Structures are given as C-alpha cells and as structure tokens.
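Data block below; observations after.
The shown structure was predicted, so the numbers you read here are calculated from the model rather than taken from an experiment. Atom set for the values below is all heavy atoms of this structure, side chains included, hydrogens, waters and symmetry mates excluded. Here is the naming used below: chain letters follow the sequence lines, and residue numbers restart at 1 for every chain.
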There are 2 protein chains.
Amino acid sequence: MTAAKRANVTLKDVATAVGISQSAVSMALSDHPRISETTKEAVRAAAARLGYVPNSAGRALRAGRSTSIAVVVPNTGQHVFGHPYFMHLLVGVTAEANARDAALMVSTNPDETHGVAAYERVLRSQAASGAIIASASISDRNVNRMVEAALPVVLVGRFVHLPHAASVGIDEIAGAAAITRHLVEDHGLTRIAHISGPLDHQTAVDRYEGFRGALAASGRPCTHTLAVGDFSEESGRAAARQVLDSMTDLQAIFAANDEMAYGAMLEIRSRGLRIPEDIALAGYDDFGVSRLTTPGITTIHVPAEALGRKAADILFDLLDGTAPDPVHTVLPFDLVIRESCGPHSG
Amino acid sequence: MTAAKRANVTLKDVATAVGISQSAVSMALSDHPRISETTKEAVRAAAARLGYVPNSAGRALRAGRSTSIAVVVPNTGQHVFGHPYFMHLLVGVTAEANARDAALMVSTNPDETHGVAAYERVLRSQAASGAIIASASISDRNVNRMVEAALPVVLVGRFVHLPHAASVGIDEIAGAAAITRHLVEDHGLTRIAHISGPLDHQTAVDRYEGFRGALAASGRPCTHTLAVGDFSEESGRAAARQVLDSMTDLQAIFAANDEMAYGAMLEIRSRGLRIPEDIALAGYDDFGVSRLTTPGITTIHVPAEALGRKAADILFDLLDGTAPDPVHTVLPFDLVIRESCGPHSG
DNA sequence: TTGAAAGCGTTACCAA
DNA sequence: TTGGTAACGCTTTCAA
C-alpha cells in the first residue's frame, strides 16, 4: 500500500464471482459460441461490476505479441522531435491506432546499449509488435538493421537504399519542382537561391534535386545558388544572409522548409527588403504557421497526418500478414499559393 | 512466417547454449552475486551472440507492473494535440523516461468503451504503470475517476477540486498578473482587453483571474473588457474583432495564449492599426513562434519541457513508493519582453 | 455446455 | 554455488 492500492481484478476473480471456471469466463468475454447466453450474460455483468480489465502482459505473453505499435522519431534533440511534422504524423498514427484498439508507444532514443538502439529493443522485447520509423537521416544504420532483421517496420520518407522495406511518403522531387516552376513560370523569376536541409537527409536531397531539375527543364536561362541549413529557423536566417550577400540581383529564395523560410524572412526584412516586391520567398511543409506570417508564405502542403495514418494502416496489415508485397506508397501533395511570391498570376 | 520471422531468443535458449538452467541465466544477467564470475561471463557472451532481449510481457507479468508510463493528452482533436505545448511536454517526459529506461505510451482517445476511457484502460490493463495527464478541461470526469481510483497519475496543471492528486504546473495567476503589470505599470496602459481561453479550462480561468487581480491591485483607474476564445488563432482574431469594436480607445490586448495573440495581430493589422504604437499586444506561452512575428510578442514563457520532465520525475517516484505526500509542484515562469507592448521602459 | 490443465517468458524461492 | 519449480494472467486444447 505504498502509492496505489493494487487490487487488480483477474479472470479468476470474475470466475469465482460467477461460480464458473476461469476458462469459461475467458470464452464468455470473447463471445465464444460454446458458452451459453445466460452464462455470458452473468459473466459480463460480473466483469462490469468488478471492473475487470484484461491484463495486457498476460495477454501479450500468451499471444506472443503485444497490441502496441511504436513510432520512432530520431534523436532526443528538440530540433527534430519538436518539429511540428512529428506532431501531425502522430495525430494520424494515433487515429489509426485508436481505430484498431492498439496502444501507441513513442520512442526517440537512439542511445545504444549493447549495440542495440533503444527503439530496436522496444521491438525485440515485443513491447511493441511493429514500428513506424520517421527517421530521415540517410546515415542512420539502425534503420538498416531493423529492416534487414525483417522486423515489422514501415518507413516514412524515401529510403533509396532500402527498396524492399514498406514505406510511405510524398514525391518530394515533384513537390520541389512544382514550387520552383511556380517561381520561374508563374512569376518569371530566374535568379533563385535554394536553402536546403542537411544533405544527409533524403528529404533535403530530393527537394534540392527537384529544384535543380525544374530549373533545367524550364528552358529559361536561370541562375541559382545553394546554401545548406539544418531545417531550423536560425539556420535559415544564416543561409539567407549568405545567399543575399553572395548573389547579386537575387530575385527569389526557395527554402526547403517553412521554418527556414521564416528565418529567411527575418533576414530579408532586416535588410529593409520587401517580400515579395524585392525578393520572393517560398517554403515547404505548411505545418500551420506559414499562413500567420505577413505575407503568407507560398509552400508545399505535406499531408503529414495522412502519412501517419497510412503508415499505421500499412503496419497493421503487415502485422496481420495481409500486406501486399512491400510497397512504397506515395501520397499527393498540394501547392499552396499565398502572397510571398507575388500576386497570383496563373 | 507470414510477415516477419519470429525467432525470439528466450532465457531457455541461452540456458541450453551455455548448458545451465534458465534461472541461472536470469540471475547471471542481473548480476546476482550468487553466480560465479566465469558463469556470468559465459552467459553474457552467449546472450550477446544469440541476440537475447528480455521479453517485456514476461517480465511485466512476473513483476506485476510494466516499465512503461503513459502520457494522456485530451481529445483526438488536432486543436489540442497539435498544440506546441504538448510537443514540449513530450520532449521533457521522453527525456526523463529515457533516463530511466522506461518506454513511453501516448494516449489521446477519451472515447469510452464500457464507460472506461481508453487511457484508463491503458492503466488498468497495466500496459503502463502510471500516467501523466495533460487534460486541461475542468469538466473531464475521467481525470476524477482515475485520481479517485488511486491510480498512479500526475496531473499537469491546476486541479482545484483534486487537492490530493500530485500535480505540476506554474502559477498561472502570477504569470498573468506579471504581464498585466507590465502593461499597466511599465507602459502606463489602462484600457485593456483580455482574450481568455474557454472558461472550463482552469488555465484560462487562472489567467483571467491574474489579469483582473493585477488591475485591481494596480491602484490606477483601469478599464477592462473580456472576450472568450478557444485558444485557437481564429478565435483570437474573432475576439479581437469583438473588443476592438466594443471598446473605444482600447490601448492594449492581452491574449491568454500566443496563438490567439497572432489572431489578434492579424485583426489589428487588417484595420490599419500599428503594434505597439496604436495597440499594445501581449500573449502567453512562448512556444517558439512568438519571436518570429513582427513585432515579436511580449509573453510569458511557460517551461513546458521542464514541466514534462518534472511530471515524469514525480511519477517515477510515485511508482517507486518513494514519493512524498501528494504535492503540487510549482515551476517558475519568465516574463519575456519583446516589442509588442512598446519600447521597454522598466 | 463446461472444467481442468498446459504453456507463453520471466523471476524468486527452496532444495541440493 | 547452482538447478528445479512455482507463479504471474491469459487463451486454448483436451477431457468430461
């Protein structure tokens, strides 16, 4: 009786209350046809009265798998976990997990004990029966290991070196190309800087590639430059400083995410330049705050919640053994045109 | 062999590999003094070689409690779960849980099956051995039930009707008073509107109370008015519209959180009024984006991450039975002065 | 229609 | 110093 009284009601308690056996109670509660309706009635009443809740450890042990799934987000750093992307993802995963009566674990610590990442232990210990991995770093070897060990995982994002793993994502290259075309074709801007994310993140690589590809495909003489950030607002500001200093007559900045675009906005403003009159600005992600700035930032809307939902969906299928061959699911994105690139013109 | 091969290494496997008994392996791995060093060595080697990871269901069943804790956030609505507050809270809880090698479950669905909220089931099923509850609604009966059932929970926020439950929070009344004094005393503003959150949230009530109290205590003739929002940016804008229309010569708006302050900012701007020259603006929370606006919004910094960390800390103590009597832990806040109330003068 | 018993993986107690 | 065994709560097979 230290902290909380542990008066856990078990099957046996219900059984003695009703005056039947434990196994009969178990079957009654799972609506097994071999139990009479009257008995079931009595069992259900007693269970409710006593407040019986099945013990998940017992159930998991018996079943050989738990009813939880895990979401793995990289690092312990606020940078990444604090990013709104993960919250949106979590909302989606939660919704799907709730719909399936599964519990959700969140794991962030890649800290290796005995060479096994914390989240791999979560799976191997069967605390969770499968995982959704939102780690974006190409160089994260833990992801490889889990995939190679054939653990039930679904990756969020694109992992070019893991073609056989199930994954969900959007076509980042197409997204970046779409927004670049918007700058070039709709607004006639040809001197553009890109602020990329860290290039060991596939997302950053893809967005940069989409940017360059669209410029090349535009058929116009475009000049571009690159500054590398780390997806944080501060790094966006620093990168903007760099490109504003280095490229004369810069007409537009396309940041690989909205937070870096905010940073760029601060830097542009601090130089007394106007958006979009002097410099056009575009972002990527659209997690809620882009519309709050003045002007609103034109961006690509990433359906993070839908991604989470779909990832969970695939994971559950995987666990049920009903999954199709490992697939790469690609969800659609939207180009959201606000005011930061100039008046809309097509 | 449907989805993933399940070749789970158990204690028995290690035991047969080493040629000793299961229980000896168990003790060896937990470094029990009664096992010889040579045996321990052999056991550890075999365990590592075979990739043994203890099964958490078996362990939890045996121990009568799991090693997970749960974080409960209200509702399934994006409104709340998507709020940056919870991200910060989660970061803190995660850090502390990681430090204790505990897994973290996240539960959001209050959807009641058999009259028991989903997150109560998580506790009762012992999937998690304790919970941190970040539900803010005064009228959430589930919180009462869990506290009354003496389940090991720590509340985040103030629950006046649950004086015996452990809780962490900040002094919201003092926070609102501090920012109100800043408006009145540092800037000499006396015609102030408050945009509150929903008044079935203790946080909203407390911040409103702090506001009124500070005005009353100021000894100056102040005029104030109230509009009620729901902590969302949209509602902040609507509330600002209302107070700007109703109160002539309004000098300042104090919104009960930053998001509503953003909304107010949009409304103020759309009327061609300047901040802070025509209207001063203050917010509350300081979850990262207040500094991005122009001007930056003066606000109260709520140490959400520290709250999460502390809540987890208390919960673990509670579970260990080493907790002091249920306490209300109050963490300090900071008044963060930016530009939205005018040039700093005191 | 129901009861008894076995076994999932772990740990702790009691023998040896 | 160690091995056997029982028990945690649950489901399921086998026996009645």
Please tabulate, for the side chains in residues 309-316 of chain A, all donor-acceptor contacts under 3.5 angstrom to protein atoms that are two or more places apart in sequence or on a different chain.
{"unit_1": "A:D313", "atom_1": "OD1", "unit_2": "A:R100", "atom_2": "NH2", "d": "2.7"}

Sub-4.0 Å heavy-atom contacts from residues 35-50 of chain B onto DNA chain D, ordered by number: B:I35, B:S36, B:T39
Interatomic distance, B:D31 CG vs C:dA12 P [rounded to whole Å]: 14 Å
CA sep, side-chain torsions, deciding dist, call: A:I69, A:V93, side-chain contact (heavy atoms from CB on, under 4.5 Å): CA-CA 10 Å; A:I69 63 169; A:V93 174; 4.1 Å; yes
Pairs touching residues 14-29 of chain A that satisfy side chain to side chain donor-acceptor pair (under 3.5 Å), sequence neighbours left out: A:S21-A:S23
Side chain proximity check, A:V9 to A:V53, heavy atoms < 4.5 angstrom: no
Straight-line distance of A:N55 CG to B:Q126 CD, nearest 0.5 Å: 5.0 Å
Between C:dG3 (P) and A:H32 (NE2): distance, integer Å: 14 Å
Distance, nearest 0.5 Å, that separates OG of B:S125 from CZ of A:R59: 9.0 Å
Protein N or O to nucleotides 9-11 of chain D N or O, pairs below 3.5 Å:
{"unit_1": "D:dG9", "atom_1": "N2", "unit_2": "A:G58", "atom_2": "O", "d": "3.2"}
{"unit_1": "D:dC10", "atom_1": "OP1", "unit_2": "A:Y52", "atom_2": "OH", "d": "2.8"}
{"unit_1": "D:dC10", "atom_1": "OP1", "unit_2": "A:N55", "atom_2": "N", "d": "2.9"}
{"unit_1": "D:dC10", "atom_1": "OP2", "unit_2": "A:L11", "atom_2": "N", "d": "2.7"}
{"unit_1": "D:dT11", "atom_1": "OP1", "unit_2": "A:R59", "atom_2": "NE", "d": "2.9"}
{"unit_1": "D:dT11", "atom_1": "OP1", "unit_2": "A:R59", "atom_2": "NH2", "d": "2.9"}
{"unit_1": "D:dT11", "atom_1": "OP2", "unit_2": "A:S26", "atom_2": "OG", "d": "3.1"}
{"unit_1": "D:dT11", "atom_1": "O2", "unit_2": "A:R62", "atom_2": "NH1", "d": "2.6"}

For A:R141, side-chain contact (heavy atoms from CB on, under 4.5 Å) partners two or more places apart: A:N144
Short side-chain to backbone donor-acceptor contact, B:S66 and B:A127, under 3.5 Å: yes
Derivation of the side-chain contact (heavy atoms from CB on, under 4.5 Å) call for A:T39 and A:V43: CA-CA 6 Å; A:T39 307; A:V43 168; 4.2 Å; yes
Spacing of B:D13 atom CG and B:Y52 atom OH [to the nearest 0.5 Å]: 10.0 Å
Taking only nitrogen or oxygen atoms into account, show me every contact under 3.5 Å that the protein makes with nucleotides 14-16 of chain D, one pair per line with its distance.
{"unit_1": "D:dC14", "atom_1": "N4", "unit_2": "A:R34", "atom_2": "NH2", "d": "3.4"}

